Amino acid sequence: MPDARAVAHSLSDTDHRVFWLDGIEAVAYEPLQGGTRGDLTIVGAGHTGLWAAVQAKRRDPSARVVLLESGLVGSGASVRNGGFAESSLGDHGDGRRRWPHEFEALERVGLENLCGLERDICDLGIDAEIEPTGILSVAYDADQVRRLKQAEHGFWYDADSIRSEIASPIFRAGRWRTDVCVLVNPGKLSTGLARAATELGVVIHEQSAVTGVDTQAGGAVRVRTASGHVDSQQVALCTNAFRPLLHRARYLRASANEYLMTTEPLTDEQLASVGWRNRQGLVDMDTHVHRARLTADNRILCAAMHLPQRRFGYSFAPEPFTSLASSFMATFPQLEGVRFSHRWAGAIDTLNQSFAFNGLAHSRSVAHADGFAGRGVAGSRLVAGIMLKHLYGQTTPTRRGSVAG
Ligand SMILES: Cc1cc2nc3c(=O)[nH]c(=O)nc-3n(C[C@H](O)[C@H](O)[C@H](O)COP(=O)(O)OP(=O)(O)OC[C@H]3O[C@@H](n4cnc5c(N)ncnc54)[C@H](O)[C@@H]3O)c2cc1C
């Protein structure tokens, strides 16, 4: 175990703020005032709502798309995450056993979505600091080594070769899949998507918390805020781990918290002492999922998930940060003395099936998506496309019958 004083020193000057928001120039969007009409109303301006907005305008540039956000663009999980854009659509370590018939198709769709994500980010001119590094799973004990060895895909590392790839005394084996993950800067992705959406003609209102969704006489759906409403034929609810607007979705969820920290930028010598020349996203096989990666300016970002959390909120206990700093120092003892610059946390929307889930309500006029289980950076693009397909597929199949994803 690392020395407690060294751990305390590493946290002694850490800011409680999200690293990804540093240097981002926020664009302010006016709150909704009064009543208006739209073709599609989207609730929630995280990755899911923003992808839905962009995709809706790409399908039909004449559609009036209104996006309502209770806080600021990307104030939820979408700017708090680790930036691991994975092809996996949920926490499906045991997916092959749980969905034996669908598993191959889910893997294929997830990989296609990841390619589509990279393509869209490029086409939309978003500088999201993409690094196509793949993901390296590491094992700490004999059982994890055995399980990792059984995996079918990727480059295998034994104890010696994993330590020459990334110098950690606690790594005993590893497996690197290059095709299943790209790293992104999620703050730049969120603000870039908002910019792209508004350029396509989407109307965004921040500080506009939706308080209710009702079907009106004539079939339009009214989405209400404290200071106005939007009537539209279709609604997409993209509120993730926040309080669901549909009663049915309240029974589906169990939130967890993920805690993240970044170090100061490493010097060239510090980085050389770790290796990590291929800059992979790193994930362990422990029960408390740990992830780590390098940022564009060579900080190490490390993260740990804690289950379960009974209530959603943004006041987080200090202990997980201390335990994360301790794990970090056990993993990279050669970095003793390096301090953490930022720490933050966020709520993960997890369903009991640990897999993203789409549904329809209000006579199929309202679509909702839930339960990314910490895999929504890429998955949100796919799920947004599925929401639009559900909404539009039935109403105007000839004009809007095909959809991304
Ligand atoms: C700490 C953390 C680390 C993570 N790390 C990763 C990772 O590395 N890789 C990965 O793939 N996934 C990760 N995830 C998950 C990923 O971030 C999410 O799955 C993804 O961002 C979901 O996007 P979203 O748009 O659905 O939700 P959010 O980004 O949470 O957006 C929902 C939005 O809805 C708004 N809202 C809520 N209620 C209302 C209302 N009533 N009216 C109006 N607006 C409302 C909120 O303000 C919020 O902006 C992580 C999540 C967290 C919290």
Side-chain angles (χ1 to χ4, degrees), residues 19-20 81-89 91-93 107 110-111 113-115 117-118 121 128-140 144-145 147-186 188-189 258 260-263 265-266 268 270-286 288-305 324 327-335 338 374-379:
F19 165 70
W20 304 119
N81 63 65
F84 287 63
E86 294 181 60
S87 59
S88 163
L89 304 175
D91 179 14
H92 58 173
E107 289 255 289
L111 286 167
N113 177 56
L114 190 57
C115 291
L117 177 90
E118 290 184 78
I121 288 175
E129 297 173 357
I130 291 191
E131 294 194 60
T133 61
I135 200 155
L136 175 59
S137 305
V138 290
Y140 300 146
Q144 293 179 0
V145 172
R147 283 191 284 133
L148 205 51
K149 213 165 193 173
Q150 284 169 354
E152 291 166 40
H153 304 288
F155 299 103
W156 167 253
Y157 294 91
D158 62 15
D160 288 338
S161 56
I162 188 65
R163 287 176 198 158
S164 54
E165 183 73 26
I166 300 182
S168 170
I170 64 171
F171 292 171
R172 293 187 53 182
R175 193 175 276 283
W176 180 20
R177 276 200 74 174
T178 54
D179 57 340
V180 294
C181 178
V182 301
L183 301 179
V184 299
N185 175 326
K188 289 190 173 180
L189 178 57
E258 187 153 335
L260 291 88
M261 299 200 294
T262 50
T263 63
L266 300 187
D268 291 346
Q270 286 166 337
L271 189 55
S273 76
V274 178
W276 214 341
R277 280 176 296 278
N278 290 305
R279 303 177 63 86
Q280 303 96 329
L282 206 60
V283 62
D284 73 11
M285 301 179 69
D286 221 338
H288 281 186
V289 179
H290 287 83
R291 304 195 236 202
R293 58 166 287 187
L294 292 165
T295 62
D297 60 352
N298 289 337
R299 295 160 196 268
I300 295 180
L301 175 150
C302 53
M305 199 194 286
L324 186 53
S327 304
F328 174 88
M329 289 176 65
T331 308
F332 300 119
Q334 66 273 45
L335 295 181
V338 168
R375 298 288 191 283
V377 173

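Only a predicted model underlies this, so the values are computations on that prediction, with no experimental measurement involved.
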Is there a side-chain contact between [X] and [Y] in this structure, where contact means two heavy atoms from C-beta onward sitting under 4.5 Å apart?
X      : Y      : answer
Arg279 : Asn298 : yes
Tyr140 : Met285 : no
Phe19  : Leu260 : no
Leu324 : Cys302 : yes
Ile130 : Leu117 : no
Arg299 : Thr263 : yes
Asn278 : Thr133 : no
Leu294 : Ile300 : yes

When you measure from the side chain of [X] to the backbone N and O of [Y], does any donor-acceptor pair fall under 3.5 Å?
X      : Y      : result
Gln334 : Ala167 : yes
Trp156 : Ala173 : no
Asp297 : Pro265 : no
Arg172 : Val145 : no
Arg375 : Ser88  : no
Thr178 : Gly134 : no

Check [X] against [Y] and note the closest heavy-atom contact, atom names and distance.
X      : Y      : answer
Pro186 : Gly83  : CD-CA, 4.0 Å
Ala296 : Glu129 : CB-OE1, 3.7 Å
Leu335 : Ser273 : CD2-OG, 3.9 Å
Ile135 : Cys181 : CB-CB, 3.9 Å
Val338 : Gln270 : CG2-NE2, 3.4 Å

Q: To the nearest 0.5 angstrom, please state how far the CZ atom of Phe328 sits from the CE atom of Met261.
A: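 The CE atom of Met261 is 8.0 Å from CZ of Phe328, to the nearest 0.5 Å.
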
Q. Measuring from Thr295:OG1 to Leu301:CG, what's the distance to the nearest 0.5 Å?
A. 7.5 Å

Q) How are the rings of Phe171 and Phe332 set relative to one another: parallel (under 30°), tilted (30 to 60°) or perpendicular (over 60°)? A)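 Ring orientation of Phe171 relative to Phe332: perpendicular.
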
**Q.** Residue pair Leu136, Ile162: steps toward the side chain to side chain contact (heavy atoms under 4.5 Å, CB included) verdict
**A.** CA-CA 10 Å; Leu136 175 59; Ile162 188 65; 3.9 Å; yes

**Q.** Residues which pass ring pair (Phe, Tyr, Trp, His ring centres under 6.0 Å) with Phe84, listed by chain and number, not counting sequence neighbours
**A.**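 With sequence neighbours excluded, Phe84 shows a ring pair (Phe, Tyr, Trp, His ring centres under 6.0 Å) to no residue whatsoever.
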
